[in-house]
Amino acid sequence: DQQVKQNSPSLSVQEGRISILNCDYTNSMFDYFLWYKKYPAEGPTFLISISSIKDKNEDGRFTVFLNKSAKHLSLHIVPSQPGDSAVYFCAASGGSSNTGKLIFGQGTTLQVKP
Amino acid sequence: DGGITQSPKYLFRKEGQNVTLSCEQNLNHDAMYWYRQDPGQGLRLIYYSQIVNDFQKGDIAEGYSVSREKKESFPLTVTSAQKNPTAFYLCASSRTASNTEAFFGQGTRLTVV
């Protein structure tokens, strides 16, 4: 049972435009959400996070939106740059066990064309 | 420099052999994790440890073993019982075991030959 889903395996965007990456989750107990960026053969690097008490968090070109009623979050990158081309993973944690372990989605490969 | 170090970066193993992947962190983090990445499947949790001398099975623990004798070290052994060991293995740590971002190492690519 996939608790965190990224239904778009890939996304292609023109440089300077907005990139929107989506993520859905099923467990209503999740209370902390993160986005990671990953290049091939490297470990993921943390991008931005959001707590369930917020509906928006912004850091420079990156903004994460959380819609708890829809169990949906999205990452907006504006403006997109060629260096943003990578695989993006959303992750969630929380719940009764609250072990801090992250549940990851399958990832979305973003390609930003010059 | 603080960080997480995984070694080796590439590892080849013959079928039927056990192999141990190293993970060391100098971030003074309490929690450590092992994930496995396969194409199209994201990252799946193998084992995690919230504190020294304690660890828990993740979603795909069969065929793996870990130890946490020191705070900074969390080695993963891939045993011969693991049916499909060829994968990219990622170690991570977080400051505490609750709602903090995890920092990842550079990964180890294990190939069974």
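Note: hydrogens, waters and symmetry copies are ignored here, and every other heavy atom, side chains too, is used. Residue numbering restarts at 1 for every chain, and letters A, B, ... go by the order of the sequence lines.
- Using modelled atom types, one side-chain atom of B:Lys9 and one backbone atom of A:Ala41 make a donor-acceptor pair closer than 3.5 Å.
- Within a 6.0 Å radius of CD1 in B:Ile51, other residues, nucleotides and ligands contribute 12 heavy atoms or fewer.
- For B:Arg95, the CZ atom is loosely surrounded, since the number of other residues' heavy atoms within 6.0 Å does not exceed 12.
- For the atom pair CG of A:Leu102 and CG of B:Leu45, the computed distance is 8.5 Å after rounding to the nearest 0.5 Å.
- Using a 4.5 Å cut-off between side-chain heavy atoms of Ile, Leu, Val, Met, Phe, Trp and Tyr, with links allowed through other members, A:Ile103 and B:Ile46 fall into different hydrophobic clusters.
- Interatomic distance, CD of B:Gln106 versus OG1 of A:Thr45, reported as 9.0 Å (0.5 Å rounding).
- More than 12 heavy atoms of other residues, nucleotides or ligands shown are found within 6.0 angstrom of CZ on A:Arg61.
- For A:Tyr36 and B:Phe104, the ring centers sit closer than 6.0 Å to each other.
- Looking at A:Pro9, neither its backbone nor its side chain comes within 4.5 Å of chain B, counting heavy atoms on both sides.
- Cluster annotation: B:Val66 is connected to B:Tyr89 through the hydrophobic network of ILVMFWY side chains, with a link wherever side-chain heavy atoms come within less than 4.5 Å.
- A single hydrophobic cluster is not seen to contain both B:Ile60 and B:Val112; linkage of ILVMFWY side chains at heavy-atom distances under 4.5 Å, directly or through other members, places them apart.
- Residues B:Glu101 and A:Tyr32 share a closest heavy-atom pair of OE1-OH, 3.4 Å.
- Defined by atom type and a distance below 3.5 Å, a donor-acceptor pair is present between the side-chain atoms of B:Gln37 and A:Lys38.
- Residue A:Phe65 is not grouped with residue A:Trp35 when hydrophobic side chains (ILVMFWY) are merged at heavy-atom distances under 4.5 angstrom, including chains of intermediate members.
- At a 4.5 Å heavy-atom cutoff, the contact between B:Leu43 and chain A is made by backbone and side-chain atoms alike.
- Nearest approach of B:Leu90 to A:Gly43, heavy atoms of both residues: CD2-CA, 3.5 Å.
- The shortest heavy-atom contact between B:Tyr48 and A:Lys101 is CE2-CD, 3.8 Å.
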